[in-house]
Every structure is written in structure tokens, then in C-alpha cells.
Amino acid sequence: MELRRLVDSVLLPGFLGTTPPDWVRRRVAEGLGGVVLFARNVVDDSQVAALTEALRAERPDVVVGIDEEGGDVTRLDAATGSLVPGSLALGVADDVELTSAVAAALGARLAACGVTVDLAPSADLTLTPDDPIIGVRAFGSDPHRAAAHVAAYVSGMQSAGIAACAKHFPGHGASTVDSHHTLPVLPRTERQLWETELVPFRAAVGAGVRSIMSGHLVVPDWGPEPATTNRHALTEVLRNQLGFTGAVITDALEMGAVAGTSGIAEGAIQALVAGADLLCVGGELADSDVVDQLAAAIIAAVRSGVLPEERLVSAAARARSLGGPVSPSGTWDPALGMLAARRALRVTGAPTLSAPPLVIDVEVAPTIAAGPVPWGLGPHLAELIPGTEVLRSSGELPPVSSDRPVVVVTRDAHRHPEARDLVLSLSKIGLDLVHVETGVPGPDLGSAARIDTHGGSYVSLRAAAELLAAHAAGEDSR
């Protein structure tokens, strides 16, 4: 029983529903390390606060994690879109005090909800236009500028009493495949990592970050195992060379990069042996069976000598350091998110609207990390400019008329040929055309004017709509 309690203390599963199921409450009372919340667990802030209060009634020091990056990746605002811009927008605004203030305000909101650790910020870099999963989640491509914002975000979040979690060590931004599906092999030497990807992680450690998430990424110089299960990565580089003393949380073990290679149970054991402290699972597998499966495998590994019990003891101690309760500190100010979103807008050309526009929101599938969060500029402009017509397109060219302006809205058009080709086709017609790009800015596609929002959050879209509405009224609201 004591070994089972020790094993349970390093598990961080998800679950279904907006109240804790009986199996979760029972396991928390018996020593389960904690839970991670997803959009499926959220109705509103007061409901999340009640959910976490119910968990804490079972055990006060339970860990409650959530993926609340802001921007495109939000759980609290999955029904509406995030009320704070994401990392790329903050990096473009390039005001570290603003980044810290946004993180502190978000931290205050999380604390009021009873969360103890936010699985943010992304300390990755945007290093290739073919990156399918990080994109606007990173503060940018310059390692030193991004590092300053990572440190500011960590300081702001932790000032509210919430543990920050820098991810995805050693950095996902150079990958051209998504570790949700398959195992990425980074085309990077160890020297390149120290000069580039590891710079933001060093800054996070210097800022006192309380947790770091391992990425399921192979660095050939470190061996064939992904960082999550690689002792050199987690113990030698992260602990000994970077000097990190906090808790290492794995990325979700059911992701294809682990489940499709070593398997979930074996991956969990290897991660603990390598130096991980808290095993995240439950984005896709969210029931008691997966917890039982992992616990049984880890217990067997301890009894066979594969996993030293003292390693499990140290992991459990670090996991407990992320538990609650959290005393709310600071205040949540939603106006701060809109301010930051406005400062992140970048405009080329003259995006004036001579009449109510036709808005074409070009839809592409969201990433697994973001999920199906509302997106599109059309509803905002229709509210602000009466007479606006809104179309949603998957890339086909709709009928257009040269007697009204057209606003075409894309997300990472450079990665989606159908979106890119649509903008190029519209550019050749001779329209009064404004291109609004809500992802990572790509090459110019020939529009008369362009607005880059650097993210698809509610506030980023709203800021772009207000800017266009102000131009239509002969003003400039920036």
C-alpha cells in the first residue's frame, strides 16, 4: 500500500466531466499526485473553482495543472477564445514588463480558480516555417529576446502563487513533425542547442521556474531516446548543467512520440528513471484504467530493480512541491489582454474600408494543442460595421464583386496551400483587399494591405476588427 501511494503521487492524469468523478476523488484521497484540466472540464471560472475545491477537500496538497498559455491555447476560455494574447503577440509587442503583467494577471485568475501549476510558458522558438505545432505559441525566433520574455512570464505567473512550467525541453521549434503523432528527430547538434534552443530554458531556470516540461524530441547527440526518457537530457543537461532543481513534468505520455514507440507504460518507467518527476497523461486517455495500468507497471519496475525506489521518492517530493492550496494574489484585469493584443498588431499598406466589407474567414484545422476554439474575424467586423457580409471558406474562391472591399483572414497561410492560393487569387482580381494573418506571418501574398495579429485569440481578433472599423470611420485606434 505504501509503494502504491508513492507511485500514485507521481501521476498527473486527466478525466472527463466538469466535476471530479468518484475514481478521481478516491485516488486523490489515497495519494494521487494531482490532475490536469482540459477544456472538457471547464464551464466557467466559478465552476472550475468548485471543482478544485472538491479535489482539495479530499487532500489539500493536490496538484492541479492546466494548459493555459493564452492566445491560441486556452482551456478557461475555450468556448470564446482567450482573453489574453499568446506568446508570439507578446514577443512582438516586446515589452517585458507587459509580458510579466499579463502573466501575473492570468496567474491571479488561475489562483482564484484553484489551479496550482500552469503548463506555460512555451520556451520553444519559432525556427522553421514548416513547424506544425508551436508557431504562435513561442515568443519568437530570436533566442535572447525570447529568453527575456520567458523569464518575465515566469516571474509574473509565479508572483501570483502559481507554478510556471517552461516547455517543451529542449525545444520543439526546429521540428517539422508534431510529437502528438510521431517522434521528431531534431536536426540540431548539442552545440547548436546551447547557442539557440536552450537559451530560453536557461533564462527560465534563472528566473526560478518551478517546473519544466520535457518534450518528446530526439537529439541525435544525446542518443536515440526522446528527451522525456533520456537520462542525459533530464539529469545531465537539465539538472547538472542548467542547474534546474524544480519538478520535471512529462508531456502527455499517450502522444504518438511515446505511445507509438516504447508504449505508455514503458515510457512512464523510462521517464522516471531518466529523471522525470510527474507523469502527465489524460489528454486522450482519461479514465481510471490508464492510471491503474501505469501504477502497476511502475510498481513492477520498482520491485524488479529497474526503477530505484529512492528515485521514486525524490520524484514524489518534487511533485508535492507543486501542490496547493494557493492563496490568490493580485487581480485579474481583462483589459490588460486587449491592450497587449493591440500593441502586437503590425500593419502594412493602408487597410481602409470604403464600404462594409465581405469577410472571408479561411478555415484550417486547429492543432491538437489548441483544439476547436472559436476563430474568425467575421463576427467581430459584422458587429462593428453594419452591412458586413461574412463567409467561411476552406480555400475555395467565392464569388466577389469589385464594388466592395474584401477582408480575407488566414491562419498560417504559408503552411496551407489552399489558404495561400486563395489570397493570391484574390490579390490578382484588383479588389480593395485586406489580408489579416492570425498565425505566424509568412511572405507577402500581394494584398493591398495586411494586418498581422500574431495569434488567433479573442482579443487579437477583436483588436484587428477594431482597427479596421476605426479606419473605416476615418480614425486610427492603435
Side-chain angles (χ1 to χ4, degrees), residues 1-38 40-42 48-67 75 110 113-119 162-163 165 210-211 213-214 228 246-254 264-265 267-269 271-272 276-303 307 309 311-326:
M1 289 297 295
E2 185 56 36
L3 179 57
R4 175 58 187 259
R5 186 177 182 88
L6 189 62
V7 169
D8 273 4
S9 69
V10 301
L11 301 180
L12 190 71
F15 61 89
L16 301 177
T18 55
T19 59
D22 290 343
W23 72 265
V24 170
R25 297 183 70 138
R26 173 174 51 81
R27 296 297 280 269
V28 167
E30 294 173 353
L32 184 68
V35 299
V36 59
L37 303 180
F38 293 88
R40 65 186 179 224
N41 305 121
V42 175
V48 176
L51 183 157
T52 59
E53 184 179 358
L55 291 171
R56 205 153 284 121
E58 303 294 341
R59 202 181 78 246
D61 65 347
V62 63
V63 177
V64 180
I66 194 169
D67 255 321
R75 308 303 182 227
L110 292 172
C113 288
V115 170
T116 70
V117 55
D118 186 16
L119 304 178
I162 303 296
C165 181
R210 292 172 56 192
S211 63
M213 178 174 283
S214 63
T228 294
V248 175
I249 304 174
T250 70
D251 208 346
L253 294 176
E254 71 267 34
I264 296 175
I269 295 165
L272 288 167
D277 304 304
L278 206 48
L279 307 176
C280 181
V281 66
E284 298 171 61
L285 301 176
D287 55 41
S288 60
D289 289 347
V290 70
V291 176
D292 291 336
Q293 176 191 355
L294 292 180
I298 296 168
I299 288 171
V302 173
R303 288 177 174 162
L307 173 62
E309 188 168 348
R311 168 78 271 273
L312 195 58
V313 169
S314 68
R318 290 198 182 102
R320 283 194 300 272
S321 73
L322 302 179
V326 174

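Everything quoted here is computed from the prediction, not taken from an experiment.
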Apply side chain to side chain contact (heavy atoms under 4.5 Å, CB included) to residues L312 and L3 and explain how you reach the verdict. CA-CA 10 Å; L312 195 58; L3 179 57; 4.2 Å; yes

Mind checking the SG-CZ spacing from C113 to R75? Nearest 0.5 Å is all I need. 14.5 Å

Min side-chain heavy-atom separation L278-V117 under 4.5 Å: no

Between V7 and I299 the two heavy atoms that sit nearest each other are CG2-CG1, 3.7 Å

Ignoring hydrogens and angles, tell me if any N or O in the side chain of R4 forms a donor-acceptor pair with the backbone of A296 under 3.5 Å. no

Does the pair R27/D22 count as a salt bridge with the N-to-O cut at 4.0 Å? no

Looking only at non-hydrogen atoms, find the nearest pair between L279 and A268 and report the distance. CD1-CB, 3.6 Å

L37 versus F15: any side-chain heavy-atom pair under 4.5 Å? yes

Take V326 and R56, measure what side chain to side chain contact (heavy atoms under 4.5 Å, CB included) needs, and give me the verdict at the end. CA-CA 11 Å; V326 174; R56 205 153 284 121; 5.9 Å; no

Whether the side chain of T52 engages the backbone of V115 through a donor-acceptor N/O pair (distance < 3.5 Å, no angle test) should be reported. no

Crowded around E309 CD? As in, over 12 foreign heavy atoms under 6.0 Å? no

For a quick test of reading the model, state the closest non-hydrogen atom pair linking M213 to C165 and the distance between them. N-SG, 3.4 Å

Between N41 and V48, does a side chain to side chain contact (heavy atoms under 4.5 Å, CB included) hold up when you go through it step by step? CA-CA 8 Å; N41 305 121; V48 176; over 6 Å; no

Basic-acidic side-chain contact under 4.0 Å: R210, D118: no

Where is the tightest heavy-atom contact between A316 and S9, given as atom of each residue plus distance? CB-OG, 3.2 Å

How far apart are the closest heavy atoms of D277 and S314, and which atoms are they? OD1-O, 4.4 Å

Can you tell me if T116 uses its side chain to pair, donor with acceptor, with the backbone of L322 under 3.5 Å? yes

Inter-residue atom distance I264.CD1 - I269.CD1, 0.5 Å rounding: 12.5 Å

Would you check if L32 and P13 make a side-chain contact, meaning some heavy-atom pair closer than 4.5 Å? yes

Non-hydrogen side-chain atoms of L51 and P20 separated by less than 4.5 Å: yes

Any V313 side-chain heavy atom under 4.5 Å of L6 side chain: yes

Specify the closest pair of heavy atoms between A295 and D8, including all atoms of both residues, with the distance to one decimal. CB-OD1, 3.9 Å

Heavy atoms, side chains only, cut-off 4.5 Å: are R320 and V62 in contact? no

Taking L272's backbone N and O only, do any of them form a donor-acceptor pair with R311's side chain (distance below 3.5 Å, no angle check)? yes

Whether the side chain of R59 engages the backbone of E30 through a donor-acceptor N/O pair (distance < 3.5 Å, no angle test) should be reported. no

Using modelled atom types and a 3.5 Å cut-off, is there a donor and acceptor pairing between side-chain atoms of T250 and backbone atoms of S214? no

